[in-house]
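The chain is numbered in sequence order, starting from 1. These numbers come from a predicted model, not from an experiment.
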Amino acid sequence: MARSKAASKKQQKQQQKRGVDFKKIKRKLGRKLPPPKNATNTEVKSKAIVLPEQSVASEKAGLAVSKKGLTLKELLQQTSHHNSKVRRDALMGLKDLFQKYPAELRSHRYAVIEKLRERIGDDDKVVRETLYQLLKTVVFPGCKEDNQGPFVSLMVAYIFNAMTHLAVDVRLMAFKFFDLVVQYYPPSFSLYADKVLQNYEDILRKNQFYLEDKAKLRSALAGLVRCLSLLPCNKRKVDSSEENMAGQKILHAFELDMPAESSGFSSITKKLKDLVPVLVNCFQDFFPSVHHMPLLDAQSFDCMHSILQSIDLVVGFFGYGIHQGKPASQLSYEGPDEAIWDHTISSLLLKKLFGVFPLNPTNHLSEKVDDRFFILNIVITEIFLRCSEWICPPGFLLEKFLQYIENALLGSVRPAVTHGPVKQFGRNIYFFCCLLFQSLCCKWQVIGSLVFFSNCGANHNNGILQAFTKIFEGCNPQSSLKLACLSAIEEMLIPGDDMVYPDASDPLFEYQITWIRALPQLLILLGDKHPSSSQVVLHLLLRLGQCANSSSPFSREYENMQYSLDKFYSSCVDRGDVYYGPFIRLSWDSQELAICGLYYFSNLGPFLLKSIAFCCLCSELEHLVLFRIIEVLHSAFSAGHIQIADYISFFMTLLSRFKVLPENIYPDVESDAKISNRGTFKLLTNTVCSCLSRIGDDSLVFQILEQVIFDQLLLKPPLDNACALLRVLVVLDCKPTRLSEQGIITLSKYLSGCLNVGSCEPSCIPEDDEENSLPTHQQTCCYYMLPCFFLFDRSPKLLKLVLNLMGSLITESSSSPSSHSYTQYGNDNSNQINAVVSALLLMHKDTKVRKIISSFKEEVVHILQIIHSLQVKFLVTGNPENGLAVITYTYDLSGRSQVTSFSLSG
């Protein structure tokens with residue numbers, strides 16, 4: 001065998017060496033034979049070129065199109081396509097189109113809604129969710145400013161149709177659509193409340209399927225909570241909202257969007273009665289799943305929380321209806337109205353809801369799960385407090401709830417407690433505690449704390465109040481927990497229509513005083529860094545002041561509060577420096593609350609008025625706030641809340657210490673004119689004069705103010721402040737003058753130096769060709785000299801003394817370099833002489849003063865002779881002074897002087 005193989009190999013090699021004429025190719029099985037080399041390829045290839053028709057392109061030119069080039073009409077047509085993917089893409093295209101062209105939505109909103117509403121009951125889940133997002137993010141926000149009544153009416157019919165759909169997913173999604181409608185148009189619930197509540201009742205009764213899809217049930221229950229939150233459940237809040245609406249109607253011609261026939265909810269009372277047992281049973285249906293599951297998942301918690309919130313809102317609505325037209329203090333004796341509150345509801349709540357309180361986890365769960373059980377227990381407690389006066393709970397049940405409230409506030413609800421309450425619970429837990437305490441406060445307000453606790457064996461009121469006060473004092477001033485505490489405190493301090501005021505024997509009274517005394521310090525701690533929290537405190541103080549009348553037990557505490565509020569406005573240290581409080585930098589709304597609160601102090605003392613006055617002098621304070629303060633203080637004075645001496649001292653402080661900028665009355669630089677507040681000070685002067693003139697008898701007020709103003713003038717205030725004080729004298733004075741003899745002498749000494757200040761510049765002296773024109777500087781001089789002219793007109797004796805002193809001033813200025821003791825504005829001799837001449841010429845231009853001057857020709861001649869002698873001395877000696885007024889004059893026997901020329905030498 002081996003030889004034969006070897007021989008065959010040798011033969012093959014010999015054949016390969018010799019060559020093969022026709023080689024045979026072996027083909028593998030299953031392979032297609034290749035074409036012969038000389039075969040002709042007959043295959044033809046072609047490509048089609050598709051061009052859009054030019055007519056279609058021209059039709060869409062200038063139209064709003066989506067990213068895919070579809071118009072609004074085409075997209076609306078595709079929303080009814082048989083393919084769900086096409087319908088979804090059409091909705092996405094509409095979203096893109098409306099975001100790019102918002103005007104298309106506003107122009108065709110009704111046509112869009114008529115087409116989109118057909119997809120509310122769509123069989124495809126993705127299409128329904130896409131429609132919901134389109135309505136929520138684009139359509140409703142884009143049409144929010146329009147009248148949404150007809151807009152909503154187009155949708156509700158399809159929403160109610162989807163609520164009765166056979167598919168559960170469609171029904172639950174319909175409630176989500178209605179919730180969206182209520183968010184943007186709240187009156188829609190009152191219009192269709194009967195149908196909505198009936199559909200909610202139907203869907204909650206079918207407990208065989210809704211527990212399987214808790215996510216959709218959660219959204220439906222959230223919509224129910226939103227709808228029920230529109231029901232009136234707090235009489236005080238409803239009354240205040242009605243007052244606001246009435247004010248809006250009167251002041252701003254405000255018209256309600258809600259139709260008149262939908263303003264009440266009395267027709268849905270029966271529906272709500274039927275809804276309560278359904279909600280309670282639905283809540284009970286969650287018990288087995290909660291107890292058997294290792295953890296209370298978020299979806300189950302949200303559903304249970306929404307159910308309890310809905311019950312709480314319904315019970316609150318029943319309470320509002322029971323309290324209407326009947327004093328709250330009589331409810332515990334007469335019982336609730338049978339037409340509103342059904343006793344079957346009382347027994348149902350006592351047995352199925354309050355009987356299982358408190359809810360506790362079966363196993364030791366996480367802290368987050370414990371907090372969820374705690375929140376559920378808080379809502380159950382709030383429901384109990386709302387209806388406890390109607391259901392007459394047994395003593396042990398009341399004891400159980402009060403013990404839980406006390407433990408919750410003290411932080412001992414959970415067994416593993418080793419630290420302080422704020423560390424063991426989160427901020428949200430304490431926030432719910434304060435809301436719970438607020439509900440307890442409402443109960444105290446109605447029947448009094450002692451009456452409320454008289455039915456229970458243990459007295460828990462002191463422990464509860466002490467725990468709440470500890471939380472209030474221990475939390476951060478700017479935290480949301482502090483805001484929750486303030487809301488609860490407001491319920492306890494602000495009386496309702498039938499609130500029983502606590503007396504000294506009531507344990508609540510002591511804690512109320514503690515809360516009131518903490519408010520001013522809290523306001524100062526907040527400062528201007530937390531304006532929202534400061535506004536809450538200011539609102540509470542205003543409400544407290546409105547209620548703190550003579551019969552209120554809080555009136556004394558409110559009065560003493562003004563001694564703690566001074567740092568809120570300003571404070572002055574021993575060195576005279578003023579530190580401004582947060583009032584300056586708060587918003588206008590907060591400043592308005594603080595200003596209005598000043599009116600309600602029955603005796604606004606000088607301590608707080610001084611702080612407010614320094615605050616008014618701050619350059620950072622808006623001038624509108626300044627005048628608002630004056631307006632409120634004048635109202636308080638008219639009501640007898642401010643003593644007249646303190647009232648006058650406040651105004652004198654403003655006029656004498658207001659810093660006018662720039663100090664130069666003739667600003668040369670344009671930037672000085674821009675920062676000038678001289679116009680504000682002039683308006684302030686007019687306002688003060690108006691307030692003082694309305695105090696009462698002008699003669700008595702003048703006697704009080706005369707010496708006060710003279711004392712301020714002797715302190716040599718700036719020219720603007722002095723002019724303002726003189727204007728006050730002029731307003732209160734009459735002809736003949738009310739000035740005393742000593743007052744005339746004192747005023748003449750001051751005016752002799754002050755009169756010449758504004759007229760010391762040559763440009764202020766009127767020329768002969770300026771009879772009908774008043775330059776700017778001349779107008780300024782007239783403003784400052786006008787009060788002097790009025791005083792001269794009313795007291796010729798004053799004018800005579802001033803003229804004599806003016807002559808003496810010229811003589812003293814020429815003989816001695818030192819100025820007169822009452823002269824503060826003249827710089828040298830030439831300026832003093834120029835000022836006297838300018839003043840004489842301005843008085844000569846005034847018709848009334850010129851007539852008065854004619855009676856004092858000896859004094860005028862004496863002044864002119866002194867000036868003339870100085871002219872001669874200057875011409876003879878050639879004394880190179882800064883400049884001297886050279887005046888040429890004539891004086892006839894009739895007493896009329898005529899100026900012929902005026903110039904400056906040097």
Side-chain angles (χ1 to χ4, degrees), residues 79-85 87-88 91 116-136 152 155-183 188-189 192-228 268 271-272 274-290 292-293 296-311 313-314:
T79 57
S80 302
H81 199 272
H82 62 86
N83 192 326
S84 61
K85 186 178 182 302
R87 297 197 301 270
R88 184 194 61 186
L91 294 175
L116 292 181
R117 62 181 181 176
E118 299 174 359
R119 305 273 64 80
I120 292 177
D122 197 282
D123 296 332
D124 188 78
K125 175 183 177 181
V126 179
V127 174
R128 293 195 305 271
E129 188 62 34
T130 306
L131 173 63
Y132 177 82
Q133 295 299 328
L134 174 63
L135 294 175
K136 181 180 179 180
V152 170
M155 293 189 60
V156 291
Y158 283 78
I159 292 177
F160 290 140
N161 186 33
M163 287 181 180
T164 59
H165 200 277
L166 293 177
V168 179
D169 292 348
V170 178
R171 297 180 67 178
L172 292 174
M173 192 68 186
F175 291 103
K176 194 174 180 180
F177 279 111
F178 188 78
D179 179 33
L180 183 63
V181 172
V182 172
Q183 291 182 38
S188 57
F189 173 64
Y192 310 101
D194 291 341
K195 293 182 179 180
V196 174
L197 294 177
Q198 182 62 49
N199 284 293
Y200 269 111
E201 183 181 346
D202 294 340
I203 194 68
L204 292 177
R205 286 184 185 276
K206 301 183 181 301
N207 56 357
Q208 66 272 16
F209 58 82
Y210 65 69
L211 290 177
E212 300 176 0
D213 197 347
K214 297 176 183 178
K216 295 178 181 177
L217 179 63
R218 178 178 57 180
S219 66
L221 289 173
L224 178 61
V225 172
R226 190 185 307 276
C227 292
L228 295 178
I268 64 171
K271 292 290 183 183
L272 292 175
D274 298 336
L275 183 63
V276 172
V278 177
L279 290 172
V280 174
N281 293 330
C282 181
F283 183 77
Q284 269 200 328
D285 291 335
F286 278 92
F287 281 173
S289 59
V290 169
H292 289 87
M293 286 193 310
L296 178 61
D297 60 294
Q299 293 182 356
S300 299
F301 166 74
D302 292 338
C303 292
M304 297 174 71
H305 189 216
S306 298
I307 292 172
L308 291 177
Q309 283 183 310
S310 301
I311 297 174
L313 292 170
V314 173

Determine, for Glu129 against Lys176, whether the closest basic-nitrogen to carboxylate-oxygen distance falls under 4.0 angstrom.
yes

Output the distance between atom CZ (Arg119) and atom OH (Tyr158), rounded to the nearest 0.5 Å.
9.5 Å

Using the side chain to side chain contact (heavy atoms under 4.5 Å, CB included) rule, take Ile203 and Leu217 through it: C-alpha gap first, then chi angles, then the decisive distance, then the call.
CA-CA 9 Å; Ile203 194 68; Leu217 179 63; 5.9 Å; no

Would you sort out whether Ser219 and Phe175 count as a side chain to side chain contact (heavy atoms under 4.5 Å, CB included), showing the intermediate values?
CA-CA 8 Å; Ser219 66; Phe175 291 103; over 6 Å; no

Those residues that, when tested against His165, pass side-chain contact (heavy atoms from CB on, under 4.5 Å) (two or more places apart):
Asp123, Ala167, Val170, Arg171

Within a strict 4.5 Å, meaning less than it, do heavy atoms of the Ile120 and Arg117 side chains meet?
yes

Do you know which two heavy atoms are closest between Leu91 and Leu131, and how far apart they sit?
CD1-N, 3.9 Å

Starting from the C-alpha separation in whole Å, work towards a yes-or-no answer on salt bridge (Lys or Arg N to Asp or Glu O under 4.0 Å) for Arg226 and Asp179.
CA-CA 7 Å; Arg226 190 185 307 276; Asp179 179 33; 2.5 Å; yes

Could you give the distance from CG (Leu275) to CG (Leu204), rounded to the nearest 0.5 Å?
7.0 Å

For the pair Phe177 and Tyr132, name the ring-plane relationship: parallel under 30°, tilted 30 to 60°, perpendicular over 60°.
perpendicular

Identified side chain to side chain contact (heavy atoms under 4.5 Å, CB included) counterpart of Leu224 within the set Ile307, Leu279, Leu313:
Leu279

Separation of Glu118 CD from Asn161 CG (nearest 0.5 Å)
11.5 Å

Could you tell me the separation between the CE atom of Met304 and the SG atom of Cys282, rounded to the nearest 0.5 Å?
9.5 Å

Arg88 side chain to Val127 main-chain N or O, any donor-acceptor pair under 3.5 Å?
no

Approximate separation, where rounding is to 0.5 Å, of Asp302 CG and Leu221 CG
10.0 Å

Check whether any side-chain heavy atom of Ile159 lies under 4.5 Å from a side-chain heavy atom of Tyr192, and answer yes or no.
no

Nearest heavy-atom pair of Ser306 and Ala222: which atoms, and what distance?
OG-N, 4.3 Å

Heavy atoms only: give me the nearest Gly223-Tyr200 pair and the separation to one decimal.
C-OH, 3.4 Å

Run the numbers on Asp202 and Gln198 for side chain to side chain donor-acceptor pair (under 3.5 Å), then give the verdict.
CA-CA 6 Å; Asp202 294 340; Gln198 182 62 49; 3.1 Å; yes

Minimum heavy-atom distance Arg128-Asp122, with the two atoms named:
NH1-O, 2.6 Å

Test item: Ser300 side-chain N/O and Asp297 main-chain N/O as donor-acceptor pair under 3.5 Å:
no

Yes or no on side chain to side chain contact (heavy atoms under 4.5 Å, CB included) for Cys227 and Phe178, after CA distance, side-chain angles and deciding distance?
CA-CA 9 Å; Cys227 292; Phe178 188 78; 3.7 Å; yes

Test side chain to side chain contact (heavy atoms under 4.5 Å, CB included) on Arg87 and Ser80 and set out the steps.
CA-CA 6 Å; Arg87 297 197 301 270; Ser80 302; over 6 Å; no

Hey, is Asp194 close enough to Lys271 for a salt bridge, meaning N to O under 4.0 Å?
no

Without swapping roles, check the side chain of Asn199 against the backbone of Lys195 for a donor-acceptor pair under 3.5 Å.
yes

